[in-house]
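Below is one structure, written out as structure tokens; the observations come after it.
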Amino acid sequence: MKRTEIRSLLERTDYGTAVNVKGWVRTKRSSKNVAFIALNDGSTIKNVQIVVEMNEENDKLLERIHTGAALSIDGVLTESMGSGQSVEVQSKSIEILGEANPDEYPLQPKKHSLEFLREKAHLRFRTNTFSAIARIRHAMIFAVHNFFNDRNFYNIHTPIITGSDAEGAGEMFQVTTMNLENLPKKEDGSIDFEKDFFGKAANLTVSGQLEGELAALAMSNIYTFGPTFRAENSNTSRHLAEFWMIEPEMAFYDLNDNMDLAEDLLKYVIQYALDHCREDLEFLSKRQQDEEKTKKEDERSMELIKKLNFVLAEPFVRLTYTEAIDVLMNSKLNKKKKFQYIIEGWGADLQSEHERYLVEKHFKRPVILTDYPASIKAFYMKQNEDGKTVRAMDILFPQIGEIVGGSQREESYNKLLIKIKELDIPMESMWWYLETRKFGSVPHSGFGLGFERLILFLTGMSNIRDVIPFPRTPLNLEF
RNA sequence: UCCCUAGUAGCUCAGUUGGUUAGAGCGGCGGACUGUUAAUCCGUAGGUCGUAGGUUCAAGUCCUACCUGGGGAGCCA
């Protein structure tokens, strides 16, 4: 008999039909006359209830069925007599596809801590929380591609291995085929990268932006959606060594166009989640509320779905760095020296506590900060006429902080060249980037959206290690 | 990398100012009972208290170092 996915099975009403379901046991409750098995196949957060009449044959089978076992069940679709579900399957025959020894299987039909499940990353897909996150993650990948495709953006695959070490976005992982036990050396004792696979030093990409710009300066609107690697020793709930980033790059866009696009994108994918991931979001919402029960009322998060709708309802607040400094300088927290880092004046780099104040306390909405001091931003950002700020924009979200970072790019060959020299960026790795400013240079803009940070926001999870199946962080490469 | 904090049964945790044989709930196992819903009830097994040193008559409890987790900070997405 052909297998029916639980997701579609639960929507059927053709009672009396013979069906086959396959999946993994979540719980088993047995008694003298009847046993109930909650079966899940990952197609939906809901389980299907299998009803097993007790007889000699089934008694023996049920002894071997525990949480985690894989079953194939032939049975009859039935209207449920119980109150927890409308449909169930009356079992006719059970095949045990794979047993799960209860002495060894670590997942129990109870709440496990996220920390514990992180150590069981190979099995955590089998929990409601992690399967819900995986389904939402999928939906968001799909939504991102949809959004750009609808707007005639072309998806570009930028390289994962790069010869450029000047992207400036962070420490890089080195890539080599050389024998690390016996590295080829030059006469002066330095490592001879000419003997390496590419004939030069290679790294994993920290951003596809520079290559994305090349494409945008021919194709107009492009985006990348790929893995990104940062070898920073970051130990926080918001950083990964390997993460996924969406980087659109648009010719003829100024900073305002850029902000409009970023805000549209975020609102589009949030709406998509509300439209397509309702059950998973409702589950995660309940999970979060249970988790925060012990917290004081004013420290609890806004209910998840309410929060998502709230972000959709209003335009993001847009203000310049200079205006933000004013707000912070005039804030009670700054005047009463309640910030750990007191804002002394213009030019200060904003700390997490300041960003959180702006987003969570002052404006109580997502905030887009623009026109930062040039000294605290990357070399490729367009310089303003004032000579001290650049056309940068950061989108700040509650709890998450910076979810998007972007800018209008410097299109002037001379200005860019001067900047590169100032910062001692090696010309031999930047010549191709500079040539785009030499030949048909135009105003253009782009940004990077951290995919996992987006998923954090959407799921209400608090640790980024729980929104990617196999997190890579310092000293963690088990799975 | 820095600051704070935690590590006790398979899981979640309690263990009082250092003082006899280290406890609970859940899970497992055995049984009872019931169209059950993380079922319920009764019984039962299970721990060299993260590791290594040290202080003390006596250490799960105090001290030091290390390992691992968590929270915060920096780097950023």
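Proteins get letters first, then strands, A, B, ... in listed order; numbering begins at 1 in each.
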Worksheet item: Are the ring of A:Phe36 and the base ring of B:rG35 both nearer than 5.5 Å at their centres and tilted by less than 30°?
Response: no
Response to the item:
Residue set satisfying ring-ring contact (aromatic ring centres under 6.0 Å, His included) with A:Phe243, at least two apart, ordered chain then number -> none
N/O to N/O distances under 3.5 Å, protein versus nucleotides 40-46 of chain B:
none

Worksheet item: Per the atom types in the model, does the base of B:rA77 pair as donor or acceptor with the side chain of A:Arg238 at under 3.5 Å?
Response: no
Discussion item. Would the base of B:rG35 count as contacting A:Glu88 through its side chain, where contact means a donor and an acceptor less than 3.5 Å apart?
Written reply: yes
Fill in: Donor + acceptor pair across side chains of A:Glu213, A:His444 (<3.5 Å)
yes
Worksheet item: Looking only at side-chain N and O atoms, does A:Ser237 come under 4.0 Å of OP1 or OP2 in B:rG72?
Response: yes
Worksheet, complete the sentence: In B/S/- notation (B base, S sugar-phosphate only, - none; protein heavy atoms under 4.0 Å), nucleotides 2-12 of chain B written 5' to 3' is --------BBS
Discussion item. Using a strict threshold of under 4.0 Å (side-chain N to carboxylate O), is an ion pair present between A:Lys364 and A:Glu360?
Written reply: no
Practice prompt. Tell me, please, which residues at least two apart from A:Glu115 pass salt bridge (Lys or Arg N to Asp or Glu O under 4.0 Å).
Written response: none
Worksheet entry | A:Phe142 CZ: over 12 foreign heavy atoms closer than 6.0 Å | no
Fill in: salt bridge (Lys or Arg N to Asp or Glu O under 4.0 Å) involving A:Asp280 - partner list, sequence neighbours excluded
A:Arg135
Item to complete: Would you kindly say whether A:Trp346 and A:Thr322 are connected by a side-chain donor-acceptor distance under 3.5 Å?
Response: yes
Practice prompt. Scan residues 61-83 of chain A against RNA chain B and write down, sorted by residue number, each residue with any heavy atom closer than 4.0 Å; if none is found, say none.
Written response: A:His66, A:Ser80, A:Met81, A:Gly82, A:Ser83
Worksheet item: Side chains of A:Ser331 and A:Asn334: donor-acceptor distance under 3.5 Å anywhere?
Response: no
